[in-house]
Amino acid sequence: MSIAENLANLRRTMDQAAVRYGRAPGSVRLLAVSKTFGAEVVIDAADAGQASFGENYLQEALEKQQAVHALRPDLRLEWHFIGPIQSNKTRPIAEHFAWVHAIDREKIARRLSEQRPASLPPLNICLQVNVSGEASKSGVAPPEVLALAQAVATLPGLRLRGLMAIPEPANDFESQRQPFALLRTLQQQLTEAGIPTDTLSMGMSADMDAAIAEGATIVRIGTAIFGKRDYAK
Ligand SMILES: *Cc1c(COP(=O)(O)O)cnc(C)c1O
């Protein structure tokens, strides 16, 4: 199947899931996760109407952005950094992305805010929450989400949009829903504390329906669009 066909199927599946769980079709945004795939593949997806792309590895992402621009300077793509961030790598992220999904420390947020060029709109931010307990090392612990959100919300170069999670894989639908429900509850707590946000970045190829059932507004999908990743390449 072509990338265009995969995207069309995926958009249909997303709309069906949204309607099944009482949500409006089109209420979930698709972020195409293009890590390990080249510029030509991104251009194929862009020509099929996909405008936002997620990347995990900084060097790979910067090279791909340049390659896409060199081949197709007409394309206006929105790049999201979804991987973990080292504090010595914040400047290129602040300069070359529209969104960052995996903030779990105030120090990284401060640097991104300071380094965001004044010529660009504020960098859109999601806080990554550890919804799987000790099984996962990245993400802020649920009891610390509010304090981090309060700190990030004051930073002028950033715009806090919401929360993100990568739960431990689970096979059955009900187990998949639980961590997403927790993320939704944490977002409600932020709203009640006077920090309204509009984004829940949750759901990947294997657990997208459960995430949509629990209110995902962005699903981050790689394999179902581009096929299996080959990290050896
Ligand atoms: C790779 C990755 C994805 C996409 O995963 P698939 O299972 O290929 O859909 C989504 N989110 C993050 C943070 C990732 O690293």
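Source: prediction; values computed, not measured. Remember, it's 1-based here, ligands and their atoms both numbered in the order they're listed.
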For [atom], what is the nearest protein heavy atom, given as residue, atom name and distance?
{"atom": "atom 11 (N) of ligand 1", "answer": "Arg220 NE, 2.9 Å"}
{"atom": "atom 1 (C) of ligand 1", "answer": "Lys35 NZ, 1.4 Å"}
{"atom": "atom 9 (O) of ligand 1", "answer": "Ser205 OG, 2.6 Å"}
{"atom": "atom 10 (C) of ligand 1", "answer": "Met204 SD, 3.2 Å"}

* Report, as yes or no, whether the 6.0 Å neighbourhood of atom CG on Asp172 holds more than 12 heavy atoms from other residues, nucleotides or ligands. =>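 Yes, enclosed.
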* Is it the case that more than 12 heavy atoms not belonging to Gln188 sit under 6.0 Å from its CD atom? ->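 Count over threshold, so yes.
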* With heavy atoms under 4.0 Å as the rule, classify the contact between Thr223 and ligand 1 as side chain, backbone, both or neither. =>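 It is both backbone and side chain that touch ligand 1.
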* To do: Would you tell me which option among Ile225, Ile82, Thr36 has the nearest heavy-atom contact to atom 12 (C) of ligand 1?
  =>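 Comparing heavy atoms across Ile225, Ile82, Thr36, the nearest one to atom 12 (C) of ligand 1 lies in Ile82.
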Please check this pair: side chain of [X] against backbone of [Y], looking for a donor-acceptor N/O pair closer than 3.5 Å.
{"X": "Glu60", "Y": "Thr36", "value": "yes"}
{"X": "Arg116", "Y": "Leu158", "value": "no"}
{"X": "Gln176", "Y": "Ala206", "value": "yes"}
{"X": "Ser34", "Y": "Phe53", "value": "no"}

* Does His101 come within less than 4.0 Å of ligand 1, judged by its heavy atoms? ->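 For ligand 1, residue contact (heavy atoms, under 4.0 Å) with His101 is absent.
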* May I have the step-by-step check of side-chain contact (heavy atoms from CB on, under 4.5 Å) for Leu31 and Ile82, ending in yes or no? => CA-CA 10 Å; Leu31 181 65; Ile82 63 174; 3.9 Å; yes
Check each atom of ligand 1 against the heavy atoms of [X] and keep those under 4.0 Å away; list them by number with element.
{"X": "Ile166", "result": "13 (C)"}
{"X": "Ile221", "result": "9 (O)"}
{"X": "Asn56", "result": "14 (C), 15 (O)"}

* Just distances here: any N/O of Gly222 and N/O of ligand 1 closer than 3.5 Å? ->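 Yes, since at least one N or O of Gly222 sits under 3.5 Å from an N or O of ligand 1.
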* Closest heavy-atom contact between Trp99 and Cys126? ->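 So the minimum-distance heavy-atom pair works out to CZ3-SG, 3.9 Å.
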